[in-house]
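Below, read A as the first sequence line, B as the second, and so on, with proteins coming before strands; counting in each chain starts at 1.
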Amino acid sequence: MIDKIVIMLDPKIVRANPEQVAKLLAKKKYAFDVDAFLVLEEKRKALQTETEEWQNLRNTRSKSIGKAKAAGEDIAPLIAEMDDLGTKLEQGKEALKQIQEQLNAILAGMPNIPDEDVPEGEDESENVEIRRWGDPVEFDFEVKDHVALGELKGEMDFETASKLTGSRFVVLRRQLARLHRALAQFMIDTHVNENGYEEAYLPYIVNDESLFGTGQLPKFGDDLFKLHADRDFYLIPTAEVPATNLVRNEILESEELPMQLVCHTPCFRSEAGSYGRDVRGMIRQHQFDKVELVHLVEPDKSGAALEALTGHAEGILQKLGLPYRVVMLCGGDLGFSATRTYDLEVWLPGQNAYREISSCSNTRDFQARRMQARYRDPETNKPQLLHTLNGSGLAVGRTMIAVMENYQQQDGSIKVPEVLVPYMGGLEVINLG
RNA sequence: GGAGAGAUGGCCGAGAGGCUGAAGGCGCACCCCUGCUAAGGGUGUAUGGGUUUACGCCCAUCGAGGGUUCGAAUCCCUCUCUCUCCGCCA
């Protein structure tokens with residue numbers, strides 16, 4: 001009767017254990033109104049049962065009309081019997097639809113349940129450091145931040161970008177433009193050649209169904225750039241959206257799993273900058289490039305897959321020789337779709353701080369349920385929701401900043417990390433000074 | 001952009017108002033036969049939802065959304081997508 005119930009959490013579980021779900025979601029600072037939900041649920045159940053009974057009656061009677069007609073009998077009295085059944089059915093359906101819409105709105109807006117060992121906490125200040133790699137370089141001169149470095153020869157130009165578009169965009173020229181490209185190439189090659197990823201080229205524009213699937217819609221539409229009022233097209237905020245939606249409404253064979261995708265795309269975010277944070281420099285832009293990693297795996301493999309994926313992202317930082325730390329997000333800082341997230345924070349000498357450069361999440365079956373992404377379980381031969389994970393491997397712009405700031409020399413030039421030299425056509429020093 | 005044709009289950013493909021959740025085939029699973037290989041025979045095999053301790057029963061779904069009808073895969077309208085031809089084009 002109800003064709004599409006849009007949910008992220010399994011509605012059966014929510015119905016069966018509403019109190020427990022509320023408790024678990026409280027960790028994510030989400031208030032689930034159990035009473036309101038239960039009232040609606042009760043109404044829904046009664047209405048649905050009743051309406052389906054009417055429907056059943058109509059189906060049965062219509063069938064007997066068909067039979068009578070075939071037998072050459074008079075069907076007029078049978079049709080007369082149907083009289084008010086149609087109206088009753090219509091009314092029932094309408095009432096049910098309204099209740100169902102209210103329930104769907106609640107369910108579709110509920111975030112995913114955090115893992116048990118996710119720490120309690122309000123915001124990023126309560127994230128928990130897991131490990132560190134590398135030691136921040138001690139400079140014997142006064143360090144410049146990437147903005148100062150980039151402006152030495154005009155290779156990083158925010159003013160011109162704002163002429164072209166507006167604030168929160170950047171123009172890169174010459175060696176910095178190349179460094180930016182080199183980083184993306186290096187990351188993709190590493191993931192393909194060493195970590196077993198399949199390279200993908202994907203649309204930078206997606207429809208609303210894809211965004212619902214990964215969880216950006218319906219709640220976070222304000223963060224997106226929408227293209228047309230009439231077509232429901234959006235610029236992607238991350239390649240996670242098209243990459244994960246590759247399997248939307250698909251039933252994969254188990255041999256096709258695990259799937260590991262790597263994809264370099266620009267990302268467009270409207271919200272970036274609306275809080276007045278990081279107004280200076282390339283940290284927070286409306287457009288930035290990212291190399292994204294996506295895993296599609298069987299349910300019992302997703303825990304290990306997140307560790308692997310995070311390791312792959314870390315590998316890039318290690319090869320580049322950039323000091324970083326890994327933090328586990330606390331409940332309050334965890335994203336809508338995630339059960340568990342590790343952020344990689346790279347050391348930025350210009351800010352004297354660790355800053356996020358990658359975010360790796362396991363969404364378990366949350367996105368898969370929204371997009372009906374399944375695989376055929378060889379044991380039961382039945383379709384089952386798969387698990388989806390995603391992580392940056394890495395954000396290209398921020399990586400470039402990190403390279404600039406960590407490899408700067410007193411004269412303002414930048415030493416090219418060894419692994420990037422081939423990608424820079426043999427160039428060993430970027431001479432900005 | 002112009003002109004046509006289409007969209008049906010995991011896949012291919014019938015059906016053109018009622019007994020069709022949907023023939024047939026492929027694939028897959030299990031069983032039988034066959035001393036290898038090849039072939040043959042049988043049975044089963046959609047998804048989502050509701051309800052039930054359970055067996056089960058019920059509802060929905062033939063690209064999407066509306067409409068006509070007692071009844072729609074089938075008729076009408078709108079939209080989306082795919083294919084063919086023409087034009088344009090990186």
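Under the 3.5 Å distance criterion, the side-chain polar atoms of A/Gln20 are left unmatched by any main-chain donor or acceptor of A/Ala16.
Put simply, A/Asn56 has no side-chain N or O that comes within less than 4.0 Å of OP1 or OP2 on B/rC58. Residue A/Arg44 places at least one side-chain N or O closer than 4.0 Å to OP1 or OP2 of B/rU51. Dashed line: the shortest gap from a side-chain N or O of A/Lys67 to OP1 or OP2 of B/rG18 is not under 4.0 Å.
Taking atom CZ on A/Arg376 and atom C1' on B/rA46, their separation rounds to 8 Å, with Å as the unit. Note: CD (A/Gln55) to P (B/rU69) measures 16 Å, nearest angstrom. For the pair A/Leu103 CG and B/rG50 C1', the interatomic distance rounds to 14 Å; values are reported in whole Å. With rounding to whole Å, A/Leu78 atom CG is found 16 Å from B/rU69 atom C1'. Counting to the nearest Å, the C1' atom of B/rG48 and the NZ atom of A/Lys12 are 9 Å from each other. Taking atom CH2 of residue A/Trp54 and atom C1' of nucleotide B/rC59, one finds them 16 Å apart after rounding to whole Å. Rounding to whole angstrom units, CD of residue A/Glu250 and P of B/rC11 are separated by 8 Å. Rounded to an integer number of Å, the gap from CD of A/Glu50 to P of B/rC58 is 19 Å.
Within 4.0 Å of A/Lys45, counting heavy atoms only, lie sugar-phosphate atoms of the nucleic acid but no base atom.
Taking the P atom of each, B/rC12 and B/rC89 are spaced 36 Å apart, rounded to whole Å. Comparing the P positions of B/rA72 and B/rU68 gives an interatomic distance of 11 Å, to the nearest angstrom. Separating the P atom of B/rG63 from that of B/rC11 is a span of 13 Å, rounded to the nearest Å. Nucleotides B/rG21 and B/rU74 are separated by 15 Å at their C1' atoms, to the nearest Å. The gap from the C1' atom of B/rA7 to that of B/rA64 amounts to 11 Å, rounded to the nearest Å. With P as the reference atom, B/rG41 and B/rU34 are 16 Å apart, rounded to whole Å. Remark: the separation of the P atoms in B/rG4 and B/rG15 is 24 Å, to the nearest Å. Rounded to a whole angstrom, the distance from the C1' atom of B/rU43 to that of B/rC33 is 15 Å.
Ring to ring, A/His286 and A/Phe169 are close: their centroids are under 6.0 angstrom apart. Outside the 6.0 Å centre-distance limit, the rings of A/Phe366 and A/His387 are not counted as a close aromatic pair.
Between A/Arg58 and A/Phe233, the residue anchored closer to the 5' end of RNA chain B is A/Arg58, taking for each the nucleotide with the nearest heavy atom. Between A/Gly66 and A/Asn59, it is A/Gly66 whose nearest contact on RNA chain B lies nearer the 5' terminus.
The side chain of A/Ile251 approaches B/rG10 more closely than any other nucleotide in the set B/rG50, B/rG10, B/rG48. For A/Ser62, counting side-chain heavy atoms from C-beta on, the closest listed nucleotide (B/rG71, B/rG50, B/rA60) is B/rG71.
A/Ser270 and A/Asp223 form no side-chain donor-acceptor contact under 3.5 Å, judged by distance and modelled atom types alone. Inspection of the A/Asp289 and A/His180 side chains reveals no N or O donor paired with an N or O acceptor under 3.5 Å.
Searching all strands for a Watson-Crick or G-U wobble partner of B/rA64 with both distances below 3.5 Å returns B/rU78. With a cut-off of 3.5 Å on both Watson-Crick or G-U wobble distances, the partner of B/rC57 is given as B/rG50. Across all strands shown, B/rC89 remains unpaired; no Watson-Crick or G-U wobble contact has both distances below 3.5 Å. Searching all strands for a Watson-Crick or G-U wobble partner of B/rU34 with both distances below 3.5 Å returns nothing. In a base pair of the Watson-Crick type (N1 to N3 plus N6-O4 or O6-N4) or a G-U wobble (N1-O2 and O6-N3), with each distance short of 3.5 Å, B/rC11 is matched with B/rG25.
Geometrically, A/Arg370 engages A/Phe212 in a cation-pi contact defined by less than 6.0 Å to the ring centre and at most 45° from the axis.
Ion pair A/Lys301/A/Glu307 not flagged as a salt bridge, since none of the NZ, NE, NH1 or NH2 atoms sits closer than 4.0 Å to an Asp/Glu carboxylate oxygen.
Side-chain atoms of A/Lys63 and base atoms of B/rG18 include no donor and acceptor less than 3.5 Å apart.
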